[in-house]
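Data block below; observations after.
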Amino acid sequence: MPELPEVETVVRLIRPRLAERRIESCDVRWERTLGGIDRGSFARAVVGSRITRVWRRAKFFVADLERAGRSNGALVGHLRMTGRVHVEPREFDPGPYVKVSLALDDGRVMHFIDVRKFGRLWYAAHSDEQLGGLGIEPLDDAFTGEWLFRALRSRRRLVKPLLLDQTFIAGLGNIYVDESLHRAGIHPLARSDRITRVRAGRLRDEIRATLTEAIEREGSSFDVFYRTPEGNPGGYQDEFKVYGREGQPCPTCGRAIERIVVAQRGTHVCRRCQRR
DNA sequence: ATCCTATCCTGGCTGC
DNA sequence: TGCAGCCAGGATAGGA
């Protein structure tokens, strides 16, 4: 599923194709993708705008807009589970699952494609409408071991659901939480307020290493859904140590990886390497 | 404060 | 081969 590394990959690939482009028209095939406004309002808001900057926050991608020389809010997107973004020539066939298409002034078209319809492409007068409640960005300098230690201690929750909570740390999803916890030797059912300073520091380092390595590999593609905007799969799924490896040996100790359910999420864990 | 369940969706898989 | 039923999963709302 698209998490921080996948969205970062998407942003890096679409940025050069969107920056400085003007939106000339739009075609909305599934209105609910717009997240609450009707297609007419959406079109009035975005058509005629120029995209000034493309960036990422957590699992959101953002395209800042400007019209008549003045800031005009932003397009804010979330791929949820099966969303994809393509920026392609007019002749490109986006397939049956395209939800919103934005025609650009260089002849290309940005397509928002989504099989399961959970993804969203909002127009926001201010991007904080979607981004305001998010927690710390795990690749920011402010995300230190000491910060994480204190933050974990200030809550009394199971560590995995807490790491998935986007108001706590923004950008991690099921895959990278399982991988980071394994690399840090922490059991997903560990209580957040019982994690020591040393182990919190280790967890911070492993979260950052996991995300950084995944970005280098252009994300993870373990099923048919996630592809880069150029249609290529990512490569990080080959590095998974626990995710999707139930019954297979732990790369560290050889014990069979177990699959349990934590917070209604499939959770992959090595009982020998990960301590509660 | 925290946890649990349902909801949104549909392709793909399992089992008969 | 066909089909019913279940599952995955990010985020959120509402209830316990």
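Naming: A, B, ... by sequence-line order, numbering from 1 per chain.
By the salt bridge (Lys or Arg N to Asp or Glu O under 4.0 Å) test, A:Arg44 is found to be paired with no residue, residues two or more places apart in sequence or in another chain being considered. Under the side-chain hydrogen bond (donor to acceptor under 3.5 Å, both in side chains) criterion, A:Thr33 pairs with no residue, sequence neighbours left out. Scored by the side-chain hydrogen bond (donor to acceptor under 3.5 Å, both in side chains) test, A:Asp106 finds no partners at all (sequence neighbours excluded). Considering only residues two or more places apart in sequence or on other chains, A:Arg32 meets the salt bridge (Lys or Arg N to Asp or Glu O under 4.0 Å) condition with none of them. In this view, A:Arg53 and A:Asp64 satisfy the salt bridge (Lys or Arg N to Asp or Glu O under 4.0 Å) rule, not counting sequence neighbours. A:Asp128 is linked by a salt bridge (Lys or Arg N to Asp or Glu O under 4.0 Å) to nothing, counting only residues two or more places apart in sequence or in another chain.
When the P atom of C:dA11 is taken as reference, atom CD1 of A:Ile169 falls 13 Å away, rounded to whole Å. One can place NZ of A:Lys117 at 18 Å from C1' of C:dA11, the figure rounded to the nearest angstrom. To the nearest angstrom, P of C:dG9 lies 13 Å from CD of A:Glu6.
Five base pairs at each end of the helix from B:dT2-C:dA16 to B:dC16-C:dG2 define two local axes, and these are offset by 50° (rounded to 10°).
For A:Arg32, the listed nucleotide lying nearest its side chain is B:dC9; candidates were C:dG10, B:dC9, B:dT10.
Contact annotation for A:Gln166: backbone-only contact, meaning every heavy-atom pair under 4.0 Å involves sugar-phosphate atoms and none involves a base. If you check every strand for non-hydrogen atoms under 4.0 Å, A:Phe60 touches nothing.
Near DNA chain B, meaning a heavy atom under 4.0 Å away, the residues from residues 151-160 of chain A are A:Arg155, A:Arg156, A:Arg157, A:Leu158.
The base of C:dG10 lies outside donor-acceptor range of the side chain of A:Arg116, with no N or O pair under 3.5 Å.
The aromatic ring of A:Phe118 does not stack onto the base of C:dG9, failing the criterion of a centre distance under 5.5 Å from the six-membered base ring together with planes under 30° apart.
For residues 134-164 of chain A, the pairs satisfying ring pair (Phe, Tyr, Trp, His ring centres under 6.0 Å) are A:Phe143-A:Trp147, A:Trp147-A:Phe168, with sequence neighbours left out.
Classified by interplanar angle (parallel below 30°, tilted 30° to 60°, perpendicular above 60°), the ring pair A:Phe61/A:Phe112 is tilted.
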